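Below is one structure, written out as structure tokens; the observations come after it.
Counting starts at 1 for both ligands and their atoms, in listed order. Just so it is clear, the model here is predicted, and its values are computed rather than measured. Note that the numbering runs from 1 along the sequence shown for the chain.
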Amino acid sequence: MNIISTIDKMQKKSSQIRSDNKIIAFVPTMGFLHEGHLSLIKKAKEVGDIVVVSIFVNPTQFGPNEDLDKYPHNFERDRELCQDAGADFIFYPEVNEIYPETYFTYVEVHNITHALCGLSRPEHFKGVTTIVTKLFNIVKPHKAIFGQKDFQQSQVIKRMVSDLNMDIEIIRSPIIREADGIAMSSRNKYLSESERKDALVLSKSLLLAKDFIKIGKLDSIYIKDKMIKLISSVPSQIDYVEIVDADTLKEVEQVKNNTLFALAVKIGKTRLIDNLYIENLNKEETWQ
Ligand code: AMP
């Protein structure tokens with residue numbers, strides 16, 4: 001496995017790989033890797049010949065009062081994990097390499113970026129689409145793997161790729177959870193022992209939603225109310241609990257095919273997100 005930290009070297013390497021007719025599968029990350037990230041690398045190995053993982057804590061996707069400065073990192077550990085997972089390259093640039101002083105260009109998706117996380121993080125997706133576009137131009141992947149954990153992000157990227165006619169296949173990979181149900185996240189590290197226990201209400205509220213769907217209770221207002229009650233049973237601050245169409249991200253009155261349950265909740269100072277995607281209402285195996 002090779003570590004590349006300049007744009008020029010990465011672009012040259014990617015061009016060479018492409019000219020050898022090899023498929024480049026790309027996994028963008030902000031590092032501090034866990035099993036969730038490793039599942040994306042595994043998927044990348046299945047769908048591509050050469051796997052590139054990027055590790056870059058992208059400043060433009062953090063708001064002014066967010067956790068950019070304390071975002072956890074441990075490159076040595078990440079390097080080992082990538083190596084063990086079978087990645088071929090890590091692209092690990094400095095901030096100046098990506099955003100020199102004279103940087104003035106942003107890529108923006110409208111509409112679906114104003115819902116859910118976009119409401120409390122108004123600049124977030126602009127930062128995401130900008131860095132992902134830049135990384136796509138640097139790594140030149142045929143395929144890119146994104147986690148369902150950030151469902152809205154994957155929809156925004158798919159929209160951008162389609163709207164801007166980027167020739168890249170976007171693959172969404174399922175959420176990896178700890179044994180007790182909490183979705184794996186680099187930010188779980190911020191939780192104290194008691195907050196870690198309280199944080200279980202996120203995944204539990206999604207299980208509760210599943211139980212209602214199973215018995216045919218499909219009314220969104222009813223399910224949302226029960227979810228909110230469960231989450232509010234622990235010290236928490238709800239950013240949103242929404243039941244939306246997975247493409248438009250607009251609220252639905254009844255759960256139907258292609259419905260997304262999405263939530264963002266602050267436990268202590270840590271903002272956590274989780275979701276449940278109902279692809280086909282009649283096939284429980286598609287609820288994930
Ligand atoms: P991050 O490093 O948090 O920016 O995440 C990098 C990628 O890993 C994104 O596509 C995330 O959606 C994905 N990811 C993060 N956590 C998980 C998880 N628990 N399961 C699956 N994918 C995840």
Looking only at side-chain N and O atoms, does [Y] offer a donor or acceptor that is under 3.5 Å from a partner on [X]?
X	Y	result
Asp239	Ser120	yes
Thr6	Asp8	no
Lys266	Ser236	no

Report task. Pick, from Ile55, Asp150, Thr29, the option with the minimum heavy-atom distance to atom 11 (C) of ligand 1. Result ->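 Heavy atom nearest to atom 11 (C) of ligand 1 belongs to Asp150.
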**Report entry** Residue selection (non-hydrogen contact nearest atom 6 (C) of ligand 1) among Gly147, Ala183, Ser186, Pro28
**Finding:** Pro28
Can you see whether [Y] has [X] sitting over its ring - NZ or CZ less than 6.0 Å from the centre and within 45° of the normal?
X	Y	value
Arg172	Tyr277	yes
Lys217	Tyr222	yes
Lys134	Tyr99	yes
Lys70	Tyr190	yes
Arg187	Phe32	no

Report task. Using non-hydrogen atoms of the residue, decide whether Gln148 is closer than 4.0 angstrom to ligand 1. Result -> no
Requested in this report: Determine whether any heavy atom of Pro174 lies closer than 4.0 Å to an atom of ligand 1.
Outcome: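 Yes; Pro174 lies near enough to ligand 1 that a heavy-atom distance drops under 4.0 Å.
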Closest non-hydrogen protein atom to [atom], residue and atom name please, with distance?
atom	value
atom 1 (P) of ligand 1	His37 NE2, 3.6 Å
atom 3 (O) of ligand 1	Tyr71 OH, 3.9 Å
atom 14 (N) of ligand 1	Lys149 CB, 4.2 Å
atom 20 (N) of ligand 1	Ile176 N, 2.9 Å
atom 4 (O) of ligand 1	Met30 CG, 3.5 Å

If the cut-off is 4.0 Å to any non-hydrogen atom of [X], which atoms of ligand 1 fall inside it?
X	answer
Met184	16 (N), 17 (C), 18 (C), 19 (N)
His34	15 (C), 16 (N), 17 (C)
Ile175	20 (N), 21 (C)
Leu40	7 (C), 8 (O), 10 (O), 13 (C)

Report task. Evaluate the criterion ring-ring contact (aromatic ring centres under 6.0 Å, His included) for residue pair Phe75 and Tyr92; output intermediate values, then yes/no. Result -> CA-CA 9 Å; Phe75 182 70; Tyr92 182 54; 3.8 Å; yes
